[in-house]
Amino acid sequence: MTMLSKQLPMYLRCLSRDHSINLTHYILQVATWFADMWDTEYMQNEIFKNNFWNDWQKLLGKNHVIQNVKDCDFTPIYDWCQNEKDKKKQMSSAEKKALREEKMKQEEKYKWAIVDGVKEKVGNFRVEPPGLFRGRGKHPKTGHVKKRIGPNDVIINIGKDAPIPECPIPGASWKEIRHDNTCSWLAKWRDPTKAKSSKYVFLAASSSWNGQSDKEKYEKARMLKSYIGNIRAAYTKGFTSIDITKQQIAVATYFIDKLALRAGNEKDDEEADTVGCCTLKVENVMAEGHNKLKFDFLGKDSIKYENTVEVELPVYNAILKFQKDKCPGDALFDKLDTSILNAHLKELMPNLTAKVFRTFNASFTLDDKLNKETKDGDVAEKVVVYQHANKQVAIICNHQRSVSKSHSSQISKLSGKIDELQAVLKELKIDLDRARKGKPPLKCSGVKNQSNLNPEAIEKKIAQTSAKIEKMQRDMHTKEDLKTVALGTSKINYLDPRISVAWCKRNEVPIEKIFSKTLLEKFAWAMDVDPDFRF
DNA sequence: CGTTCGGACTCAGAAAAATATTG
DNA sequence: ACAATATTTTTCTGAGTCCGAAC
């Protein structure tokens, strides 16, 4: 707020030619959030702009001088924002360091919780700052103002005898102090963008509570291994069931098993229109002949799922039957929802739900690929094998990332360097030829110290250059290969860390080559696994 | 009973920050 | 060595899953 008062006159000048317009700090702040996004694609998004305008107009009031967002020139505020960012960037590294240390010092007291007498790290200890809501995909609420959360919004959950945390805003108080030991959250507040849901402060991923729950997740997925044969036999039988609900359950389970689809809960119209298995619409699956089904839909986070797969004939015929007499927009599995599906899965294995198949599929695939593809070689080669296996998993789970803005320029840069090196190599080969005949090297050659070059030295140089070229070509290929694939999501959420730790032990690969510092902490529970561990 | 609702937790890619590489 | 740039790691918060209670 102090910062804002300094900005006030600036904002006033920016927002209107009429300097007398009185805008409150909050109205200005909301305008700044909008202006700061002037150079983003959100400015082409009519829903975003309309939602912003509607909320902003409410703040301005009905009879405000500003009657149309189009009359406002936001570019001066945008310029001011850019300038502030530049100033931050231009700080010396010493200044940045001092600022960082000051921040660390202030935050230290919020970072820890004593749980059952053990000091545990807290995950997100800050409430989310206000701003303009940015949903993913075509979100109907994008652009709406997300309001500031204060102590009065926050429920604290602590032990009965624990001291109540000091309220950071003088005069204000917490909404409620609760003593519920049946759940793990430390604080929560209502999500300002979704009336029905809450935001939570949980322990960090490295906490023992989360570690235990992680381990249980993987143990359940491992249990599926011994049930999967029967489950597959059961759904194969179900493909031709005359009971249409049973038939739909069978085909849906097949998709979840074979394609690692998510369960697919119902969504309301206040959210982006995405689907999972149970909510697939008839147009999301196309029968293409020769038992091939083409899947095309937007899944979680509006990530496109596109995959053409050959299925068993009874599945193919069942899909044709489910689509019969339906229109686009109709549910493919009209007799199903996630609770029916999961209730059925629980009959096949204790506590089995749809998501377990994803964990099972991912971890099983990693274990399988690692053990089939690892060969003798140095650490670097083995890490490549791991990354390759990790990539197969990411593809199965459809974990994508957007291509970085500088990707193509980085590729052409690399390719340019390879061309240069190849030219050097060509000259070296000529020089080698000449050196063997006792002639001096060519002047234009990239070789320095030409006076004392013998054939052996040139040969060595050729070998070095060739190796360099090969490495760069491999790097370029990998970069292109992984430009849309996100490897991290599966590593964090789907791959039993014991597979990786045991593989590292067996192959003398340092675990640090696979897990970052935070992942090592998160997976502390898996580090003492036996080298023979198999998923 | 289903069906809806909301609570609590897991999982998601983008963006920011930190770190490594390069020229 | 050092600043610019590329890469990796961490943070952020939105978007799912699944459960159980209430209607």
Side-chain angles (χ1 to χ4, degrees), chain A residues 40 85 88-89 93 96-97 100 103 123-129 131 133-137 139 141-142 146 155 157 180 182-185 188 190-205 209-210 213-214 216-217 256 261-268 270-272 274-279 298-303 337-343 345-346 351-359 362 394 397-407 409-411 413-414 417 475 478-479 482 484-494 515-522:
Chain A
T40 69
K85 283 176 199 165
K88 225 174 177 177
K89 237 191 243 169
S93 51
K96 280 183 193 164
K97 197 182 164 196
R100 207 161 52 223
K103 198 179 162 204
N124 55 324
F125 51 85
R126 257 185 292 260
V127 291
E128 293 167 19
F133 175 77
R134 296 132 110 134
R136 313 253 169 93
H139 200 296
K141 289 198 157 184
T142 189
K146 186 172 109 171
I155 303 172
N157 187 27
D180 184 353
T182 66
C183 53
S184 76
W185 57 269
K188 73 165 173 174
R190 206 142 282 291
D191 181 342
T193 65
K194 271 182 102 196
K196 291 166 193 164
S197 63
S198 294
K199 294 281 190 176
Y200 295 84
V201 170
F202 291 115
L203 292 176
W209 197 93
N210 284 345
S213 144
D214 219 22
E216 283 164 13
K217 173 178 79 181
I256 282 169
L261 300 191
R262 295 186 186 83
N265 284 302
E266 299 289 339
K267 297 185 79 183
D268 60 42
E270 301 283 275
E271 302 170 285
T274 64
V275 300
C277 185
C278 291
T279 43
L298 295 183
K300 182 178 181 180
D301 292 291
S302 295
I303 298 293
D337 62 32
T338 54
S339 67
I340 292 169
L341 182 73
N342 281 333
L345 293 177
K346 274 177 184 52
N351 300 313
L352 182 61
T353 63
K355 78 193 270 286
V356 181
F357 284 86
R358 265 170 87 79
T359 313
C397 294
N398 199 36
H399 291 147
Q400 296 188 24
R401 60 173 181 165
S402 52
V403 179
S404 106
K405 226 164 62 182
S406 55
H407 177 81
S409 77
Q410 282 172 15
I411 287 287
K413 223 170 169 177
L414 257 178
K417 275 188 210 162
D475 287 353
T478 309
K479 198 187 184 93
L482 294 176
T484 61
V485 186
L487 299 185
T489 309
S490 52
K491 205 186 261 187
I492 297 169
N493 301 300
Y494 287 101
F515 291 149
S516 67
K517 184 174 148 275
T518 43
L519 279 189
L520 285 171
E521 285 168 8
K522 174 181 162 97

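Labels below follow one simple rule: chain letters A, B, ... track the order of the sequence lines, proteins then strands, and each chain is numbered from 1. All heavy atoms count here, side chains included; hydrogens, waters and symmetry mates do not.
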B/dC11 phosphate, OP1 or OP2, under 4.0 Å from A/Thr489 side-chain N/O: no

Spacing between A/Ile340 atom CD1 and B/dT3 atom P, to the nearest angstrom: 7 Å

Distance-minimising heavy-atom pair for A/Gly264 and A/Thr279: O-CG2, 3.4 Å

Listed nucleotide nearest any side-chain atom of A/Arg100, set C/dT17, B/dA18, B/dG13: B/dA18

Expected output: side-chain A/Asn210 to main-chain A/Leu203 donor-acceptor under 3.5 Å: yes

Proximity to the side chain of A/Lys479 - top-ranked nucleotide from C/dT7, C/dT10, B/dG13: C/dT7

Parallel, tilted or perpendicular: ring planes of A/His399 versus A/Tyr494, cut at 30 and 60 degrees: tilted

Rounded distance (Å) that lies between atom P of C/dA6 and atom CG of A/Leu414: 10 Å

Whole-Å gap separating P (B/dA14) and CD (A/Gln400): 9 Å

Ion pair check, A/Lys194 and A/Glu270, cut-off under 4.0 Å: no

Rounded interatomic separation in angstrom, taking CG from A/Asp301 and P from B/dT10: 17 Å

5' priority, DNA chain B, between A/Lys300 and A/Trp185 [closest heavy atom]: A/Trp185

Any A/Ser184 side-chain N or O less than 4.0 Å from OP1/OP2 of B/dA8: no

Comparing A/Lys103 and A/Ser213 on DNA chain B - which has the more 5′ nearest nucleotide: A/Ser213

5′-ward residue of the pair A/Asn265/A/Ser516 relative to DNA chain C: A/Ser516

Spacing between A/Phe357 atom CZ and C/dG16 atom P, to the nearest angstrom: 21 Å

Under-4.0 Å side-chain N/O to phosphate OP1/OP2 contact, A/Tyr494 with B/dA12: yes

Presence of A/Thr518 side-chain N/O under 4.0 Å of C/dT10 phosphate oxygens OP1/OP2: yes

Main-chain N/O of A/Phe133 paired to A/Lys141 side chain as donor or acceptor, under 3.5 Å: no

Side chain to side chain contact (heavy atoms under 4.5 Å, CB included) between A/Lys267 and A/Thr274, intermediate numbers included: CA-CA 8 Å; A/Lys267 297 185 79 183; A/Thr274 64; 2.9 Å; yes

Among C/dT13, B/dC11, C/dA6, the one nearest A/Lys413 by side-chain distance: C/dA6

A/Ser409 side-chain N/O to A/Ser406 backbone N/O, donor-acceptor pair under 3.5 Å: yes

Base B/dC11 paired with A/Lys355 side chain (donor-acceptor, <3.5 Å): no

Nearest-nucleotide pick for A/Trp209, side chain only, options being C/dA15, B/dC9, C/dA6: B/dC9

Sugar-phosphate only, base, or nothing, as touched by A/Ile492 at under 4.0 Å among non-hydrogen atoms: nothing

Touch class at under 4.0 angstrom, heavy-atom based, for A/Ser197 against every strand present: nothing

Integer-rounded Å distance: B/dA12 P and A/Arg262 CZ: 5 Å

Rounded distance (nearest 0.5 Å) linking atom CG of A/Asp475 with atom NZ of A/Lys479: 8.5 Å

Atom-to-atom span, CZ of A/Phe125 to C1' of C/dT10 - whole angstrom: 13 Å

A/Lys188 vs B/dC9: side-chain N/O to OP1/OP2 distance below 4.0 Å: no

Phosphate contact (C/dA15 OP1 or OP2) by A/His139 side-chain N/O below 4.0 Å: yes

Sugar-phosphate only, base, or nothing, as touched by A/Ala354 at under 4.0 Å among non-hydrogen atoms: sugar-phosphate

Touch class at under 4.0 angstrom, heavy-atom based, for A/Lys146 against every strand present: sugar-phosphate

Among B/dT10, C/dT13, B/dG6, the nucleotide that comes nearest once only the side chain of A/Lys196 is considered: B/dG6

Phosphate-side-chain proximity, A/Ser406 and C/dT5, N/O vs OP1/OP2 below 4.0 Å: no

Phosphate-side-chain proximity, A/Thr353 and C/dC18, N/O vs OP1/OP2 below 4.0 Å: yes

A/Asn493 side-chain N/O to B/dT10 phosphate OP1/OP2 under 4.0 Å: no

A/Arg190 side-chain N/O to B/dG7 phosphate OP1/OP2 under 4.0 Å: yes

Sugar-phosphate, base or nothing in reach of A/Gly276, heavy atoms under 4.0 Å: nothing

B/dA15 phosphate, OP1 or OP2, under 4.0 Å from A/Arg136 side-chain N/O: no

B/dA14 phosphate, OP1 or OP2, under 4.0 Å from A/Ser402 side-chain N/O: yes

Residue A/Lys199, side-chain atoms from C-beta onward, closest of C/dT17, C/dG14, C/dA6: C/dG14

Sugar-phosphate, base or nothing in reach of A/Pro192, heavy atoms under 4.0 Å: nothing

Whole-Å gap separating C1' (C/dT8) and CD (A/Gln410): 13 Å

Worked verdict on A/Leu341 versus A/Ile256 for side chain to side chain contact (heavy atoms under 4.5 Å, CB included): CA-CA 11 Å; A/Leu341 182 73; A/Ile256 282 169; 3.4 Å; yes

Between protein and nucleic acid, restricted to nucleotides 21-23 of chain B and to nitrogen or oxygen atoms under 3.5 Å apart, what atom pairs and distances do you find?
residue, atom, partner, partner atom, Å
B/dG23, OP1, A/Lys417, NZ, 2.4

Residue met sooner reading DNA chain C from 5', once A/Arg126 and A/Lys346 are mapped to nucleotides: A/Arg126

Check: A/Asn157 side chain, A/Trp185 main-chain N or O, donor-acceptor pair, under 3.5 Å: yes

